[in-house]
Amino acid sequence: MAIAQGVSWELTLAPSWEAQTDAECETIFRPEGVGALQLSSARKDDVVTDADLVEFASNRLKAGSKTQPAELGEFSGIVIEYQADGSHWRHWFLRQGSVALFIT
């Protein structure tokens, strides 16, 4: 059973999925599949707030994007979905305590 992990998070990978770490993020993908999931995290001295997430997400808000509340495990925040250049995009901005996650 493979595990991907970052600052204050850990994810058990499904069979046939792999993880690759680089300086910016952790990338999870299926070698024979299409697309990828990329996760990055940051830690703040104080508690990460909803306002912090909205500020962080502001450059991703596009005309026609849908913003909804999101919860993944112990993390909560918002998810933004939109279509661009023939692709469907989904960006999660999540928080738990002093940790923020950005998942795309």
Side-chain angles (χ1 to χ4, degrees):
M1 178 179 350
I3 294 179
Q5 60 188 25
V7 174
S8 299
W9 64 269
E10 184 174 279
L11 179 68
T12 302
L13 300 178
S16 77
W17 286 78
E18 296 181 12
Q20 177 179 323
T21 302
D22 63 35
E24 298 295 318
C25 65
E26 185 80 21
T27 301
I28 300 169
F29 62 97
R30 286 185 62 197
E32 304 301 322
V34 176
L37 186 67
Q38 293 186 311
L39 299 95
S40 59
S41 58
R43 184 175 292 278
K44 184 178 170 184
D45 289 338
D46 296 328
V47 172
V48 178
T49 66
D50 288 335
D52 292 329
L53 296 181
V54 169
E55 180 180 338
F56 191 46
S58 65
N59 67 339
R60 302 286 185 184
L61 293 172
K62 301 179 185 301
S65 63
K66 299 175 189 175
T67 303
Q68 300 175 20
E71 288 189 29
L72 294 172
E74 296 178 12
F75 289 83
S76 63
I78 58 174
V79 61
I80 300 169
E81 293 185 63
Y82 60 92
Q83 301 286 333
D85 302 323
S87 295
H88 180 81
W89 291 90
R90 191 174 290 149
H91 302 281
W92 289 268
F93 297 87
L94 305 171
R95 65 182 181 86
Q96 202 288 318
S98 62
V99 176
L101 293 180
F102 172 56
I103 306 169
T104 187

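Among residue pairs with one or both ends in residues 50-59, those qualifying as salt bridge (Lys or Arg N to Asp or Glu O under 4.0 Å) are Lys44-Asp52, Asp50-Arg95; sequence neighbours excluded.
Two different hydrophobic clusters hold Leu94 and Phe56 under the rule that ILVMFWY side chains link at heavy-atom gaps under 4.5 Å. Phe75 and Leu53 fall into different hydrophobic clusters, defined by Ile, Leu, Val, Met, Phe, Trp and Tyr side-chain heavy atoms under 4.5 Å apart, directly or through other members. The cluster map of Ile, Leu, Val, Met, Phe, Trp and Tyr, joined by side-chain heavy atoms under 4.5 Å apart, puts Trp17 and Trp92 in the same cluster. Val48 and Val79 are members of different hydrophobic clusters when ILVMFWY side chains are connected at heavy-atom separations under 4.5 Å. In the hydrophobic clustering of ILVMFWY residues, with side-chain heavy atoms under 4.5 Å counting as a link, Phe93 and Leu39 come out apart.
The distance from atom OH of Tyr82 to atom NE2 of His88, rounded to the nearest 0.5 Å, is 10.0 Å. Atom CG of Leu11 sits about 9.5 Å away from atom CG of Leu72, to the nearest 0.5 Å.
Not counting sequence neighbours, the partners of Gln5 by the side chain to side chain contact (heavy atoms under 4.5 Å, CB included) test are Ile3, Glu10. Not counting sequence neighbours, the partners of Thr67 by the side chain to side chain contact (heavy atoms under 4.5 Å, CB included) test are Leu61, Ile78, Ile80.
Other members of a hydrophobic cluster containing Val54 are absent, since no ILVMFWY side chain comes under 4.5 Å of it, directly or through relayed contacts.
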What pairs of donor and acceptor atoms, side-chain ones from residues 97-104 against any protein atom, are under 3.5 angstrom apart with sequence neighbours left out?
| unit_1 | atom_1 | unit_2 | atom_2 | d |
| --- | --- | --- | --- | --- |
| Ser98 | OG | Arg43 | NH1 | 3.1 |
| Thr104 | OG1 | His91 | ND1 | 2.8 |

Can you give the donor-acceptor pairs under 3.5 Å from side chains of residues 24-33 to other protein atoms, not counting sequence neighbours?
| unit_1 | atom_1 | unit_2 | atom_2 | d |
| --- | --- | --- | --- | --- |
| Glu26 | OE1 | Thr21 | OG1 | 2.5 |
| Glu26 | OE2 | Thr21 | OG1 | 3.2 |
| Thr27 | OG1 | Gln38 | NE2 | 3.1 |
| Arg30 | NE | Ser16 | OG | 3.4 |

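Between Ser41 and Trp9 the shortest heavy-atom distance is OG-NE1, 3.6 Å.
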